[in-house]
Amino acid sequence: MIRVHPLPALLMLVLLVLSACSPATPAGSTTPVASATHTGETPNEPTPTATARPSLGVDAAALRGVSFQVWHAFAGESYQVFSEQTELFNATNEWGIRAVPSGFGDHLTLYEAMQVAIQSGDLPNLVAALPEQALTWQAEGLVVDLAPYAGDVEFGLAEGESEDIPAALRVQDVHDGDWLGLPAQRSARFLYYNQTWAHELGFSAPPQNGEEFRVQACAANTAFKADSSLQNDGFGGWLVDSHWQTVYSWLLALGGSVVDEEAYTFRNDPNLEALSFLKSLYDDNCAWLSTGAAPFDAFAERKALFISADLSEIPLASLAMGSAGNSDEWTLLPFPGLDGAVSVAYGPSYTLLKSSPEEQLAAWLFMRWMFSADSQALWVESSGQLPLRSSVLTRIGPYMEAHPQWQAAVSEPEWLIGVPQLASWRSVRYTLEDGMKYIFQVNLPLAEIPSVLDEMQALAEELGSKPGGE
């Protein structure tokens, strides 16, 4: 295939992916059309249940004074909350169990530390790691199936507790019939949407599908073109965001996919239509790239009707609106698609590693305590991330009233979709980000997007073929 750019796209993608992991032609219409709702790519795994099983064989008296190591990569407010909750558990649990935490700066550093620990044999007992990382350790025979613990008569979950985990979060930790983890933290990216401005533009409701999104985004740009200034004619609409969760959410919402069972499938017509749809927004001035302004500043200054950002960043948007003196009403939306909407949930789960029966049970009891309704309510109110139990919403009424944008985002858990259950996803996910950046930063013509998908496919296959998704 003839290239029109001096730097081959695959080379650029490889370099970007490695840096992130280290210390068909378009249809005539660029709005995808389909008749079926996309249901996500997480395989249909059996729902983990806490059915009664034989005793774990550990007497409660044997737990007295047991300590265990827990490794994590929580940061910022989450680190503070986790530390405080760990101290509270150590001070109040009835068995005198002691959790000894070790924090790592990010999940890559944590994963690398785990790989070193595996080689030395000096492993922690519990690790709050990304689900795809746990798949690597499961393949090495290091991970404990949680089903016997959850179903234990004495030490297990109460009836209905496992089903209290939203389905998209619950299934993410079930693989090959084993329950590999209990969610520790999840967040998602959403569209931040200025309702007041949209009403002024003539829209009475948020966009419900891709075409309505295009209409509203283009209307925002048209409003800028109507004034006498030429300097602002590129503003309005959606501020382009290349974060991999944003790209993945758009692909799924617009009917695309990146996996089929155990194989990556970046190169397919729905993905081509989805990326062409997003690029056509830019080509038609209904989306724009920022060269300086931070997304929340652009949002607060009414330069973008839509931005995309993490759920936990609501306070940043509120701060920007206040600094700009903007009293507009705004909310959070999932990514509108063909028939319904999508937001990709992602984050670490507690993974129990093999050790002594007493240490394993002690670590499980810590996990169970962190999953309790009281602990989860505190976690949500402190971190502003997704509730890991549906019932938590009934316990945090004042928080939801004080945070209407957060309440809007979590009101429909069926929006949430997980990520592929492949160990290599920890590296391959950056391919989405790098491909999106390349398309927009070089202003790639629509006719050349198929070549980028070809290169994304090749890179995903290369990364996926390496042990552990290295």
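Only a predicted model underlies this, so the values are computations on that prediction, with no experimental measurement involved.
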Q: Which word best sums up how the rings of Y350 and F366 line up, parallel for under 30°, tilted for 30 to 60°, or perpendicular for over 60°?
A: perpendicular
Q: Verify, without hydrogens or angle tests, whether E161 (side chain) and A158 (backbone) share a donor-acceptor contact under 3.5 angstrom.
A: yes
Q: Does the ring center of Y346 lie less than 6.0 Å from the ring center of W244?
A: yes
Q: Please check if the side chain of Q216 supplies one atom and the backbone of A205 the other of a donor-acceptor pair under 3.5 Å.
A: yes
Q: Do H243 and E433 get their side chains close enough for a donor-acceptor pair, meaning under 3.5 Å?
A: no
Q: When F213 is tested against each of Y193, W250, F335, F203 for ring-ring contact (aromatic ring centres under 6.0 Å, His included), which residue passes?
A: W250
Q: Tell me yes or no: between the side chains of Q457 and E461, is some donor less than 3.5 Å from an acceptor?
A: yes
Q: Under 30°, 30 to 60°, or over 60°: which ring-plane class applies to F266 and Y264, parallel, tilted or perpendicular?
A: tilted
Q: So, does E381 use its side chain to make a donor-acceptor pair with the main chain of W379 at under 3.5 Å?
A: no
Q: Can you tell me how far CH2 of W71 sits from OG1 of T351, rounded to the nearest 0.5 angstrom?
A: 13.5 Å
Q: Does any non-hydrogen side-chain atom of L332 lie less than 4.5 Å from one of W330?
A: yes
Q: For Q115 and W137, run side-chain hydrogen bond (donor to acceptor under 3.5 Å, both in side chains): C-alpha distance rounded to whole Å, both residues' side-chain angles, the deciding distance at 0.1 Å, then the answer.
A: CA-CA 9 Å; Q115 297 308 98; W137 307 324; 2.9 Å; yes
Q: Between R98 (side chain only) and F68 (backbone N and O only), is there a donor and an acceptor less than 3.5 Å apart?
A: no
Q: Which label fits H72 and F82: parallel for a plane angle under 30°, tilted from 30 to 60°, or perpendicular past 60°?
A: tilted
Q: Tell me, do Y149 and M367 make a side-chain contact under 4.5 Å, heavy atoms counted?
A: no
Q: So, do W406 and Y399 have ring centers that fall under 6.0 Å from each other?
A: yes
Q: Decide, yes or no, whether a salt bridge links R189 with D241 under the criterion of side-chain N to carboxylate O below 4.0 Å.
A: yes
Q: First locate atom OG of S242, then atom CD of Q245, and finally report the distance between them rounded to the nearest 0.5 Å.
A: 13.5 Å
Q: If you define the side chain from C-beta out and look only at heavy atoms, does anything of V419 sit under 4.5 Å from P131?
A: no
Q: Does any non-hydrogen side-chain atom of N194 lie less than 4.5 Å from one of R302?
A: yes
Q: More than 12 heavy atoms of other residues, nucleotides or ligands under 6.0 Å from CD of E329: is that the case?
A: no
Q: What distance do F190 atom CZ and T331 atom OG1 have between them, rounded to the nearest 0.5 Å?
A: 10.0 Å
Q: So do the side chains of W238 and L191 get within less than 4.5 Å of each other, counting heavy atoms only?
A: yes
Q: Given 3.5 Å as the limit, does a donor-acceptor pair link the side chain of D328 with the main chain of T196, or not?
A: no
Q: Look at atom OH of Y79 and say whether more than 12 heavy atoms of other residues, nucleotides or ligands are closer to it than 6.0 Å.
A: no
Q: Could you tell me whether R426 sits above the aromatic face of Y111, with NZ or CZ closer than 6.0 angstrom to the six-membered ring centre and within 45 degrees of the axis?
A: yes
Q: Give a yes or no on whether the backbone of E359 and the side-chain of W364 come within a donor-acceptor separation of less than 3.5 Å.
A: no
Q: Would a 4.5 Å heavy-atom cut-off, applied to side chains only, mark Y192 and F306 as touching?
A: no
Q: Tell me if a side-chain donor or acceptor on Q421 pairs with a main-chain N or O of V174 at a distance below 3.5 Å.
A: yes
Q: Does NZ or CZ of R389 come closer than 6.0 Å to the centre of the six-membered ring of F371, within 45° of the ring's axis?
A: yes
Q: Rounded to the nearest 0.5 Å, what separation is found between the CD atom of Q185 and the OG atom of S349?
A: 10.0 Å
Q: Decide side-chain contact (heavy atoms from CB on, under 4.5 Å) for V380 and R395; before the verdict, give the C-alpha distance in whole Å, the side-chain angles of both, and the deciding distance to 0.1 Å.
A: CA-CA 11 Å; V380 165; R395 304 172 65 93; over 6 Å; no
Q: At what distance, to the nearest 0.5 angstrom, does CG of L352 lie from CG of D145?
A: 10.0 Å
Q: Give a yes or no answer on whether the side chain of Q360 reaches the backbone of S355 with a donor-acceptor pair at less than 3.5 Å.
A: yes
Q: Measure the shortest side-chain to side-chain distance between D310 and E313 over non-hydrogen atoms and say whether it is less than 4.5 angstrom.
A: yes
Q: Is a salt bridge present between D173 and R186, judged by a nitrogen-to-oxygen distance below 4.0 Å?
A: yes
Q: For S391, does its backbone N or O pair with a side-chain atom of T394 as donor and acceptor, under 3.5 Å?
A: yes
Q: Walk me through whether F296 and L319 qualify under side-chain contact (heavy atoms from CB on, under 4.5 Å).
A: CA-CA 9 Å; F296 294 115; L319 181 62; over 6 Å; no
Q: Please assess S83 against T86 for the test side-chain hydrogen bond (donor to acceptor under 3.5 Å, both in side chains), listing each intermediate value before the final yes or no.
A: CA-CA 5 Å; S83 298; T86 301; over 6 Å; no
Q: Under a 4.5 Å cut-off applied to non-hydrogen side-chain atoms, are I165 and P183 in contact?
A: yes
Q: Is it true that the side chains of T431 and D434 contain a donor and an acceptor less than 3.5 Å apart?
A: no
Q: Determine whether a donor-acceptor pair (N or O, by modelled atom type, separation under 3.5 Å) exists between the side chain of Q133 and the backbone of M114.
A: no
Q: What's the separation between atom NZ in K437 and atom OH in Y430, rounded to the nearest 0.5 Å?
A: 10.5 Å
Q: Is there a donor-acceptor contact under 3.5 Å linking the side chains of S424 and E132?
A: no
